[in-house]
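The model shown is predicted, which means the values in this text are computed figures rather than measured ones. Residue numbers begin at 1 in each chain, while the letters A, B, ... track the order of the sequences.
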Protein chains: 2
Amino acid sequence: MRQFVVVGHEAPTTPEFSLDDLPGSGRLDVLCRCVVAGCLLSHSIRSAVRVHLVLDDAFTITVDSDEVRNLRPDERSTAALLRTALEHREEAIGHQPVQSSPGVTIRRTGLEHAIDTLAEEGTLVVLDEDGTPVDEHPPPSDPVFVLSDHLSFSDAERALLADRATATVSLGPEPLHADQAITVAHAALDTAGFDHGSP
Amino acid sequence: MRQFVVVGHEAPTTPEFSLDDLPGSGRLDVLCRCVVAGCLLSHSIRSAVRVHLVLDDAFTITVDSDEVRNLRPDERSTAALLRTALEHREEAIGHQPVQSSPGVTIRRTGLEHAIDTLAEEGTLVVLDEDGTPVDEHPPPSDPVFVLSDHLSFSDAERALLADRATATVSLGPEPLHADQAITVAHAALDTAGFDHGSP
């Protein structure tokens, strides 16, 4: 299983946003591209991938590549899936997930709870341009990559991640968009011969 | 200079398409993501990159990273730049380019003329999932990568490219979207220490 946690610092937590202005909707365009980069290949879908979008530290939407339906590569249709998830946010009680559509769930958790749960399922690795070069850190089995959206991690997030993560890794000399980083991480694992592991 | 030629088999050749339905507009969403993957980094723009979009073998729109303005990472705003280029298509006479906005030009050329011109500026390399693995083909200086959109190359295109290109290379074991392939190609060149060369 490959997992990606994307911290959406200004992401909307209600469904009242415009599909015509995703950048103006807390940069939801970034998060949509992360879902697509995480789950989709050309004409197929990766197996055993989960993308977790942490929205303003209040809700987390998870897209499971083995279960999701109607996920297409464009930003607008992906944003519509996320909007449907947000329409179900009131049903999310405690930390229990609510399924809004096949393979898409929403739960009332911020970053700390999300990564504490995921740390039990794999190896937490932060992807950040300030990290150590990826070739010094061979990819772990069952990685849980944590990335930030268009904004840098806050000091509190850095402290939390420093405490929980195994490593902070940079994928190359250039500062990549979050979705580009997901694409490069997948490609590195693919080329290294890692399969997606067990679901 | 790194250049990318993306063959848009069903791409629109007039500006009468809907920004609300880019997938339904000849998969213009794919071409928009290719422009962004080619030109943009997180909070910056790559130097010395050109992305050429061949539209239905009739027009070619070129985005020059050193000149373009108002290029943002989302599909919709990128599509608006392309629509503006198509609004100027009638001004494109012969093979002469017309600038529609800073760093964006349109010319009346299909794939053959486009790659014949570009072959003089760099080394033509086809990116295709059926190619030989990239680690057997170290990246050339001044690469001109040729990719297809969501459709495979036609037999005629394959014959043309086989005649003109130095190599057909696969970037990994999984079939990538065109924009993902551009991201991975850039990352491989970045990590190998290649700069973008001279403009």
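Within a 6.0 Å sphere centred on CG of A:Asn70, heavy atoms belonging to other residues, nucleotides or ligands number 12 at most. Within 6.0 Å of CG on B:Asp155 lie no more than 12 heavy atoms contributed by other residues, nucleotides or ligands.
For chain A, no part of B:Ile182 is nearby; none of its heavy atoms comes within less than 4.5 Å.
The side chain to side chain donor-acceptor pair (under 3.5 Å) check on B:His137 picks up B:Thr132, with sequence neighbours excluded. Qualifying side chain to side chain donor-acceptor pair (under 3.5 Å) partners for A:Glu120, counting only residues two or more places apart in sequence or in other chains: none.
Note on A:Thr183, A:Asp135, A:Asp179, A:Val134: by heavy-atom pairs under 4.5 Å with chain B, the leading option is A:Thr183. Ranking A:Ala188, A:Ala181, A:Pro173, A:Gly172 against chain B, the residue ahead of the rest is A:Pro173, based on heavy-atom pairs under 4.5 Å. Annotation: maximal heavy-atom pairing with chain A below 4.5 Å, among B:Pro175, B:Ala178, B:Gly193, B:Ser77, occurs at B:Pro175. Options B:Pro133, B:Ala187, B:Pro73 differ in how many heavy-atom pairs under 4.5 Å they form with chain A, and the most are formed by B:Pro73.
The backbone N or O of A:Arg76 lies less than 3.5 Å from no partner atom in the side chain of B:Glu75, so there is not a single donor-acceptor pair. Put simply, the side chain of A:His150 never gets that close to the backbone of B:His43: no donor and acceptor are under 3.5 Å apart.
With hydrophobic clusters built from ILVMFWY side chains whose heavy atoms lie under 4.5 angstrom apart, A:Leu81 shares a cluster with A:Ile45.
Counting Ile, Leu, Val, Met, Phe, Trp and Tyr side chains that sit under 4.5 Å apart, directly or through other members, A:Leu161 shares a hydrophobic cluster with A:Val5, A:Val7, A:Val54, A:Leu111, A:Ile115, A:Leu118, A:Leu124, A:Val126, A:Val144, A:Val146, A:Phe153, A:Leu160.
Residues of residues 9-37 of chain A lying within less than 4.5 angstrom of chain B, judged on heavy atoms, are A:Asp20, A:Pro23, A:Arg27, A:Asp29, A:Arg33, A:Val36, A:Ala37 in numerical order.
Here the shortest heavy-atom pairing between A:Leu41 and B:Gln180 reads CA-OE1, 4.4 Å. Here the shortest heavy-atom pairing between A:Leu176 and B:Ser42 reads O-CB, 3.4 Å.
Rounding to the nearest 0.5 angstrom, the gap separating the CD atom in B:Glu174 from the NE2 atom in A:His186 is 9.0 Å.
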